[in-house]
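Counting from 1, the numbers follow the sequence of the chain as shown. Any value given below was found using the heavy atoms of this structure, including those in side chains, with hydrogens, waters and symmetry copies removed.
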Amino acid sequence: MVIGYTTGVYDLFHIGHLNLLKNAKGMCDKLIVGVTVDELVAYKGKQSMIPFEDRIEIVRSCKYVDAAVPQYDMDKLTACKKLGAKMLFVGDDWYGTEKWQAYEKEFEEAGIKIVYFPYTKGVSSTKINEALKAVRKHILDDVK
C-alpha cells in the first residue's frame with residue numbers, strides 16, 4: 001500500500017485545495033493530510049479565518065482524504081516517516097528552490113518521493129481573504 005502525505009492550512013477551502021487532494025489521492029492508496037494548527041499559522045505570521053477544529057473537519061470530510069492529522073511543525077520529513085508515507089505532495093511554487101532541492105535529497109535518502117502539483121491559477125486563500133476584507137471595509141464605509 002502506498003501512503004501519500006500533504007499539508008496545508010486549508011483556510012477558506014477552495015477548488016485549488018480540492019484539486020490538490022484529488023490529484024494526490026490519484027497517486028496513492030491512502031492519503032493522509034496534515035492540517036496546520038492555529039499556533040503554527042500564527043508562527044508563520046498569519047491568522048486563519050476558520051478555526052483549526054473546523055478546518056480539519058472540512059478536510060477530513062473530503063472524499064479524497066483517508067485521514068486528517070494536526071500539523072504542529074514544518075518538519076514534513078519526520079511526519080512522512082512517522083506516518084509511513086512514501087510520497088509527499090506539494091505545490092509547484094516550491095519546485096527548484098534551493099530549500100526544496102536540499103529537501104529532495106533528504107527525502108530521497110529516506111525513500112520518499114516528492115511530487116509537485118501545479119497551483120490552480122487565480123485561486124488562493126490569501127486573495128479570497130483580501131477580497132473579503134475589501135468588501136467588508138466597503139460595507140462598513142457605506143454604513144457610516
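Residue Glu109 holds its CD atom at 12.5 Å from CD of Glu104, rounded to the nearest 0.5 Å. Distance check: Ile114 CD1 to Lys105 NZ gives 12.0 Å after rounding to the nearest 0.5 Å. Rounded to the nearest 0.5 angstrom, Met87 CE and Ile32 CD1 are separated by 13.5 Å.
By the 4.5 Å heavy-atom criterion applied to side chains, Arg55 and Asp38 are counted as neighbours. Looking at Trp100 and Val90, their side chains come closer than 4.5 Å, going by heavy atoms from C-beta outward. Side-chain contact between Tyr10 and Leu20 is present, with heavy atoms from C-beta onward closer than 4.5 Å. Side-chain contact between Leu40 and Met74 is present, with heavy atoms from C-beta onward closer than 4.5 Å. With contacts defined as side-chain heavy-atom distances shorter than 4.5 Å, the pair Glu39/Phe52 does not qualify. Side chains of Tyr64 and Leu18 form a contact here, defined as non-hydrogen atoms less than 4.5 Å apart.
The backbone N or O of Gly8 sits less than 3.5 Å from a side-chain atom of Thr36, completing a donor-acceptor pair. At least one donor-acceptor pair under 3.5 Å links the side chain of Asp11 to the backbone N or O of Ile50.
The minimum heavy-atom distance between Leu88 and Ile112, with the atom names listed, is N-CG2, 4.2 Å. The two residues Gly4 and Ala85 come nearest to each other via the heavy atoms C-CB, 4.3 Å. The two atoms that bring Ser61 and Glu57 nearest to each other are OG-O, 2.8 Å, heavy atoms only. Nearest approach of Lys76 to Thr7, heavy atoms of both residues: CE-OG1, 3.3 Å. Taking each heavy atom of Val41 and Ser48 in turn, the nearest pair found is CG1-N, 3.8 Å. Pairing each heavy atom of Gly96 with each of Gln101, the nearest pair is O-NE2, 3.5 Å.
Ring geometry for His17 versus Phe13: interplanar angle of 30 to 60°, hence tilted. The aromatic rings of Phe117 and Phe89 lie parallel to each other, their planes meeting at an angle below 30°, with 60° marking the opposite boundary.
No side-chain donor from either of Gln71 and Tyr5 sits under 3.5 Å from a side-chain acceptor of the other.
Shown are Val2, Asp66, Ile3; of these, the side-chain contact (heavy atoms from CB on, under 4.5 Å) with Asp29 is made only by Val2.
Atom CD of Glu108 is surrounded by 12 or fewer heavy atoms from other residues, nucleotides or ligands within 6.0 Å.
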